[in-house]
Every structure is written in C-alpha cells, then in structure tokens.
*Asks:* 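Let me begin by handing over the structure; questions about it come next.
Just so it is clear, the values below take in all heavy atoms, side chains as well, and ignore hydrogens, waters and symmetry mates. Numbering starts at 1 and runs along the sequence shown.
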Amino acid sequence: MSAQPKAGFAREASRQILAGGSAGLVEICLMHPLDVVKTRFQIQRCATDPNSYKSLGDSFRTIFRREGLFGFYKGVLPPILAETPKRAVKQPSTMSYARHIIKTEGLGLQGLNKGFTATLGRHGVFNMVYFGFYYNVKNIIPVNKDPTLEFLRKFGIGLLSGTIASVINIPFDVAKTRIQGPQPVPGQIKYRTCFKTMATVYQEEGILALYKGLLPKIMRLGPGGAVMLLVYEYTYSWLQKNW
C-alpha cells in the first residue's frame, strides 16, 4: 500500500520534468537569436560605440554579415544545459571560457558568479510576473471546447504574460549584461552591483538606457513565453495519456 504513492509521485515528477525540459529546449532553439541581439544592444553604451547597431534590422544584418548564421547561436549551450548565470554571446567554447574565468577571476561574485544578484533579480521578477499573470488570467478566461480557439487562448495569455514580465524585469537584465560584459575601461571594473549599476546607467545615459534591447527581448520572451507554456502543457497532457 505504501509503495504505490511513491511510484505515482515519481512518475508525476518525471512527467513534469520531461514536459518542462522539452518546453525550455524548444523555446531556446527558436528564440536564442533574439537573445543574442538583445545582449548586443545592452552592451553598447552610446552611438559612437564600435559595436553600436543603428536598428533591430541593422543588428541582424551586421551579425549575419560578420559572423554568419551561427553568430546568432553564440552562447546557446549554457541556457540549454541549465540556464546558467551568464548567457555569453562571444565565447568560443563554454567550458574553456568557464575555465578561463575561474583561473583569472575565481569563483566569487567578481568571477564565475559575476552578476549573480542581477541575474537573481531578473529571473525572480520575470517568473513572479510571468507565472502569476498566466495562471490567474488563465482561470478567468473560460476554456474553449474548440481545439483551435483553445490553442489561441493559451497562446494569447502566454504571449501577454511574457511581454508584461519582460517590460518589468528588463532593467535587471541590462544591469546583468553590463556587470558581466566588457567594462568601458579595460582593467577597471565600473559596474559591480545590481542596483548601483542601474543607478549609474540612469545617471549617465538616462532612463531609456535601462530599457535597451526591450524590442528583441519582447519579440523573444513574448512569443517565446507562449511557446514554452504551450509545449509544456501539451507535452504534459500527452505524457499523462500515454505514460
């Protein structure tokens, strides 16, 4: 009698892990190019920056011309493996770059865990808004018996959830990118902590600088959020019926 609940719990946990893993993998593979573009926008500090892009279209053309198609998938391994603290966009090899960071800067908050508090704030704020909004609105809007309309209902709620969460959490994203990215003066660390970095960016570049990369972020996490939730729900439903 006591073994049955354990077996049921293990299977249920396995279903959720498989559904969640599938959702994350599909979302990353589809949307990672927009994450690369977003990070490039957040790194640049002004129009005279040598890495400056004139527009979203210009960034796509420039990256494709200079780095080819695979330039849009730089740093894709860390988020696929575990959504690691740093989504690097310029590393040639994840493990070799990690070893280099550990060797030169250590494991602390100025080394491999640089930007930890900003990353924690970014994910915490995003998930709080994203899942909170999705599940509350999902329960308010009635389920539709038509499969197509039900699909559109879930997609629309997921899209809106991802968009709102992206708008609210992007200042943390900008701070994370500045802390982890190249510093304005080589050898001098300008961006150290999350809120101090936000304050510095605001004072030197204005309020809009805290929203750099918002368009590609929304383009990625709006539809991406919808895709992720849909893949999760449909995969989980399939596993419930077949396993």
*Asks:* With a 4.5 Å limit on heavy-atom distance, are the side chains of Asn169 and Met128 in contact?
*Replies:*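 A side-chain contact is absent here, since even the closest heavy-atom pair is not under 4.5 Å.
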*Asks:* Go through it in stages, so that I can follow the logic: the residues are Thr235 and Leu18, the test is side-chain contact (heavy atoms from CB on, under 4.5 Å), and I'd like the CA-CA distance, side-chain angles, deciding distance and then a yes or no.
*Replies:* CA-CA 8 Å; Thr235 302; Leu18 286 170; 5.6 Å; no
*Asks:* According to a 4.5 Å side-chain heavy-atom criterion applied to Ile, Leu, Val, Met, Phe, Trp and Tyr, with indirect links allowed, do Phe133 and Ile218 form part of one hydrophobic cluster?
*Replies:*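 Both belong to a single hydrophobic cluster.
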*Asks:* Side-chain contact test, heavy atoms from C-beta onward, threshold under 4.5 Å: evaluate it for Pro171 versus Tyr211 and give yes or no.
*Replies:*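 Yes, side chains in contact.
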*Asks:* Any heavy-atom pair between the side chains of Lys38 and Asp173 that's under 4.5 Å?
*Replies:*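 Yes, their side chains come closer than 4.5 Å.
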*Asks:* Say whether Val174 and Ile168 are linked into one hydrophobic cluster, either directly or through other cluster members, by side-chain heavy-atom distances under 4.5 angstrom.
*Replies:*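 Looking at the clustering, Ile168 is in the same group as Val174.
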*Asks:* Do Phe41 and Leu56 touch side chain to side chain, with heavy atoms closer than 4.5 Å?
*Replies:*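 They are in contact (side-chain heavy atoms under 4.5 Å apart), so the answer is yes.
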*Asks:* Mind running side-chain contact (heavy atoms from CB on, under 4.5 Å) on Lys176 and Ile179 for me, showing each step along the way?
*Replies:* CA-CA 5 Å; Lys176 178 196 76 73; Ile179 292 168; 6.0 Å; no
*Asks:* State whether the side chain of Gln183 and the backbone N or O of Lys190 hold a donor-acceptor pair below 3.5 Å, judged by distance alone.
*Replies:*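 A pair under 3.5 Å: yes.
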*Asks:* If you define the side chain from C-beta out and look only at heavy atoms, does anything of Tyr135 sit under 4.5 Å from Tyr130?
*Replies:*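 No, their side chains stay 4.5 Å or more apart.
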*Asks:* Find out whether Phe60 and Leu34 are in side-chain contact, i.e. whether some heavy atom of one side chain is under 4.5 Å from a heavy atom of the other.
*Replies:*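 Sidechains of Leu34 and Phe60: in contact.
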*Asks:* Judged by atom type as modelled, is there a donor-acceptor pair below 3.5 Å linking the side chain of Arg153 to the main-chain atoms of Ile141?
*Replies:*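 Checked: pair present.
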*Asks:* Could you give the distance from CD1 (Ile164) to CZ (Phe126), rounded to the nearest 0.5 Å?
*Replies:*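 Spacing of CD1 (Ile164) from CZ (Phe126) equals 11.0 Å.
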*Asks:* Check the pair Val37, Arg220 against side-chain contact (heavy atoms from CB on, under 4.5 Å), reporting the backbone distance first and the verdict last.
*Replies:* CA-CA 10 Å; Val37 172; Arg220 186 230 162 159; over 6 Å; no
*Asks:* Rounded to the nearest 0.5 Å, how far apart are OG1 of Thr39 and NZ of Lys74?
*Replies:*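 Thr39 atom OG1 to Lys74 atom NZ measures 12.5 Å (nearest 0.5 Å).
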*Asks:* Please tell me if the side chains of Val201 and Tyr191 come closer than 4.5 Å, counting only heavy atoms from C-beta onward.
*Replies:*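 The answer is yes, as the side chains (C-beta and beyond) meet within the 4.5 Å cut-off.
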*Asks:* By side-chain hydrogen bond (donor to acceptor under 3.5 Å, both in side chains), which residues pair with Tyr134, not counting sequence neighbours?
*Replies:*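 Glu233.
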*Asks:* Once you measure the plane-to-plane angle for Phe151 and Tyr234, does it fall in the parallel (<30°), tilted (30-60°) or perpendicular (>60°) bin?
*Replies:*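 Answer is tilted, since the angle falls between 30° and 60°.
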*Asks:* Within the side chain of Glu150, is there an N or O that forms a donor-acceptor pair under 3.5 Å with the backbone of Lys145?
*Replies:*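 Not a single qualifying donor-acceptor pair exists.
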*Asks:* Pair Val137, Leu160 - check side-chain contact (heavy atoms from CB on, under 4.5 Å), show working.
*Replies:* CA-CA 10 Å; Val137 174; Leu160 190 58; 6.0 Å; no
*Asks:* Minimum heavy-atom separation for Cys194 to Ala175, with atom names?
*Replies:*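 Where Cys194 meets Ala175 most closely, the heavy atoms are O-CB, 3.9 Å.
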*Asks:* Pair Arg178, Glu204 - check salt bridge (Lys or Arg N to Asp or Glu O under 4.0 Å), show working.
*Replies:* CA-CA 13 Å; Arg178 292 295 181 92; Glu204 294 183 352; over 6 Å; no
*Asks:* Spell out, as yes or no, whether a donor-acceptor pair under 3.5 Å connects the side chain of Tyr73 to the backbone of Cys29.
*Replies:*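 A pair under 3.5 Å: yes.
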*Asks:* Using a 4.5 Å cut-off on heavy atoms from C-beta on, say whether the side chain of Leu229 contacts that of Lys154.
*Replies:*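 No, every pair of side-chain atoms sits at 4.5 Å or beyond.
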